[in-house]
Amino acid sequence: MLTFPHTLAAAVIVKFIPSPWLALPLAFISHFLLDFYVLHWNPHLYTEFKKKKKFRLSSLIVILIDGSLALFFCAYILVKFWTEPWVIALFAGAIFLATLPDTIEIPYYFLGFKNRWLERYVDFQHRHQHNGSFYGGLATQLLLIFFCLYLFFS
Ligand SMILES: [Zn+2]
C-alpha cells in the first residue's frame, strides 16, 4: 500500500486511541493489516528492480506524489498541534511506526544497500501484499484515504 494511506491510518488511530501504549503498537500492526487485507495497487518496485535494477519514471512519480502528500499531512499536524508537543510526538511516533515496514526498504532499493536479512525482508514484504489491478487497487486506496480524512477531520 502507498505511504499516504498508511500515514492517515496512523493519524486516525492516534485521534481515537490517544494512549501511546495502544496507539503505537496498533499503528505498527495497521501497516501489515492494510497490506495483507486491503486490495491495493503499488508501483511494481520489486519486479522492476529485480529485472532491470532501476525503476520506471511513472513509478518514481507515484512515489514522489505519495510521499509529498504524506509529508504535507505531517506538516499540517505540526502546525495544528504546535502548542502540544506531546500530541505531536504521539502522532510522529505512530506515523513513523506505521510507515516503518516500507521505509526499511529504502536503503535496499535506493541506496544500493545489500544485506541478506534486508533481501529476505524485501522478499517477505513482496509476498505479503494483497495486490489488485491499477484502477481497482487505486480506487480502494482512494476510498481508504477519504474515509481516514473524514474520520480525522470529523
Ligand atoms: Zn507495506
Side-chain angles (χ1 to χ4, degrees), residues 1-17 20-78 89-152:
M1 179 161 294
L2 297 168
T3 300
F4 189 41
H6 281 309
T7 302
L8 291 175
V12 167
I13 288 170
V14 169
K15 178 181 172 174
F16 289 98
I17 309 169
W21 305 110
L22 290 172
L24 295 176
L26 275 175
F28 184 66
I29 293 166
S30 78
H31 185 100
F32 298 99
L33 292 179
L34 291 174
D35 274 2
F36 295 169
Y37 295 112
V38 178
L39 190 79
H40 59 273
W41 175 89
N42 266 24
H44 296 132
L45 294 187
Y46 182 89
T47 312
E48 290 169 22
F49 193 73
K50 288 276 171 186
K51 280 190 186 154
K52 297 189 176 163
K53 293 283 167 206
K54 60 176 187 167
F55 305 112
R56 294 172 62 172
L57 181 63
S58 57
S59 298
L60 294 174
I61 291 173
V62 170
I63 291 173
L64 191 70
I65 294 173
D66 176 42
S68 302
L69 287 170
L71 282 178
F72 187 75
F73 182 75
C74 290
Y76 170 81
I77 287 179
L78 269 180
L90 185 53
F91 275 114
I95 290 170
F96 172 77
L97 288 171
T99 51
L100 184 65
D102 288 341
T103 46
I104 284 176
E105 298 182 332
I106 290 175
Y108 174 81
Y109 282 127
F110 294 99
L111 303 176
F113 198 85
K114 292 286 164 281
N115 166 305
R116 198 158 49 98
W117 296 105
L118 190 58
E119 281 178 34
R120 274 192 196 167
Y121 175 76
V122 168
D123 283 337
F124 170 85
Q125 273 262 76
H126 176 67
R127 279 184 274 112
H128 293 82
Q129 300 284 330
H130 193 356
N131 286 314
S133 65
F134 177 74
Y135 290 109
L138 270 190
T140 52
Q141 291 187 96
L142 276 176
L143 274 177
L144 183 66
I145 286 169
F146 285 119
F147 184 58
C148 286
L149 285 173
Y150 168 76
L151 290 176
F152 186 76

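Count residues from 1 along the sequence. In listed order, ligands and their atoms are each counted from 1. The structure presented is a predicted model; accordingly, all values stated were derived computationally and were not measured.
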Side chain of [X], backbone of [Y]: donor and acceptor closer than 3.5 Å?
X: Tyr121; Y: Pro101; value: yes
X: His6; Y: Thr99; value: no
X: Gln141; Y: His40; value: no

Query raised in the report: How about the Zn ion (ligand 1), which protein N, O or S atoms come within less than 2.8 Å?
Result: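 N, O, S partners closer than 2.8 Å: His31 NE2, Asp35 OD2, Asp102 OD1.
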Report task. Please indicate whether Phe72 has more than 12 foreign heavy atoms, meaning atoms of other residues, nucleotides or ligands, lying under 6.0 Å from its CZ. Result ->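 No, not enclosed.
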Requested in this report: Using only heavy-atom distances, determine whether the side chains of Asn115 and Tyr108 contain a donor-acceptor pair under 3.5 Å.
Outcome: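 Their side chains do not contain a donor-acceptor pair, so the 3.5 Å distance test is not met.
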Query raised in the report: Side chains of Asp102 and His31: donor-acceptor distance under 3.5 Å anywhere?
Result: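 There is such a pair between these side chains.
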